[in-house]
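Below is one structure, written out as structure tokens; the observations come after it.
Just so you know, residue 1 is the first one in the sequence shown, and it goes up from there.
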Amino acid sequence: MKKLLLLLLVTSSAMANNTNDPVNQAVAFNKWYVNQINNNNFPITDGKDIDKYVTASTMQKLRRTQDPNYDDEVFYSADFFLKSQYIGDDWTENVAISSYDWDPVCVNVNITFGKKNPHTVIDCMVNENGEWKVQSVAARDNN
């Protein structure tokens, strides 16, 4: 039990000192992303800035769906990262962590957008080449 507690303390301490931890990276990505969309930019196809936040395999799949020759049925009707078809008027100023937890696959970070009508998504963060990145996103609510 003492070893487990020590491991938790070391991990927590390392995360507090690491500016590239999964929680901070999830917040940084979502603040950047919601502002991009709000300014009518489409990061999946407009440049490569999104690559520092999202895994290479996820970006490869998302970019493939944007190809004019992609003939499969579109597999999502809302924004992939926001899990919404709209952006609330207070989302760009209000991006916050509501909780997070670790599992064997990823660090699940619950990100809440807005205060008037809060909308929460769950970012699955994984470590890719020493950087924490979004691998997938799930909707936590149906706003």
Worksheet item: Under a single-linkage definition using a 4.5 Å side-chain heavy-atom cutoff for Ile, Leu, Val, Met, Phe, Trp and Tyr, are Val54 and Tyr100 assigned to the same hydrophobic cluster?
Response: yes

Practice prompt. Compute whether any side-chain donor of one residue and acceptor of the other, for Asp79 and Tyr86, lie under 3.5 angstrom apart.
Written response: no

Discussion item. Are Phe113 and Asn94 packed together at the side-chain level, in the sense that at least one heavy-atom pair is separated by less than 4.5 angstrom?
Written reply: no

Discussion item. Taking Tyr33 as the starting point, is it possible to reach Val126 by hopping between hydrophobic residues whose side chains are less than 4.5 Å apart?
Written reply: no

Worksheet item: Hey, quick one: are Ile97 and Trp32 part of the same hydrophobic cluster, counting side-chain heavy atoms closer than 4.5 Å, chains of contacts allowed?
Response: yes

Discussion item. Testing the 3.5 Å rule here: is there a donor-acceptor pair between the side chains of Ser99 and Asn110?
Written reply: yes

Fill in: Non-neighbouring partners of Glu128 that pass salt bridge (charged side-chain N to carboxylate O under 4.0 Å, His left out), sequence neighbours left out
Lys133

Worksheet entry | Same cluster (ILVMFWY, side-chain, under 4.5 Å), Trp91 and Val95 | yes

Item to complete: Could you give me the CA-CA distance, side-chain angles and deciding distance for Ile44 and Met59, then say whether side-chain contact (heavy atoms from CB on, under 4.5 Å) is met?
Response: CA-CA 7 Å; Ile44 293 173; Met59 286 311 305; 4.3 Å; yes

Discussion item. Quick check: do Phe81 and Ile50 have side-chain heavy atoms less than 4.5 Å from each other?
Written reply: yes

Worksheet entry | Heavy-atom side-chain proximity of Asn108 to Asp103 below 4.5 angstrom | yes

Worksheet, complete the sentence: Residue set satisfying salt bridge (charged side-chain N to carboxylate O under 4.0 Å, His left out) with Asp90, at least two apart, ordered chain then number -> none

Discussion item. Given 3.5 Å as the limit, does a donor-acceptor pair link the side chain of Asn38 with the main chain of Val34, or not?
Written reply: no

Worksheet entry | Verify same cluster id: Ile122, Leu82 (apolar side-chain graph, 4.5 Å) | no

Fill in: Contact check, side chains of His119 and Lys83, non-hydrogen atoms, under 4.5 Å
yes

Discussion item. What I'd like to find out is whether the side chain of Gln25 reaches to under 4.5 Å of the side chain of Val109, using heavy atoms alone.
Written reply: no

Item to complete: Taking the side chain as every heavy atom from C-beta outward, state whether Arg140 and Ser98 have any atom pair closer than 4.5 Å.
Response: yes

Worksheet entry | By salt bridge (charged side-chain N to carboxylate O under 4.0 Å, His left out) - contacts of Lys48 (at least two apart) | none

Discussion item. What I want to check is whether the side chains of Thr120 and Thr112 have a donor and an acceptor closer together than 3.5 Å.
Written reply: yes

Practice prompt. Classify the side-chain pair Asn24/Asp21 by whether it contains a donor and acceptor separated by less than 3.5 Å.
Written response: yes

Discussion item. Within the 4.5 Å heavy-atom criterion, are Phe29 and Ile111 side-chain neighbours or not?
Written reply: no

Worksheet item: Is the side chain of Asn41 donor-acceptor paired with the backbone N or O of Pro43 at a distance under 3.5 Å, no angle test?
Response: no

Worksheet item: Is a donor on one side and an acceptor on the other found under 3.5 Å between the side chain of Asp123 and the backbone of Met125?
Response: no

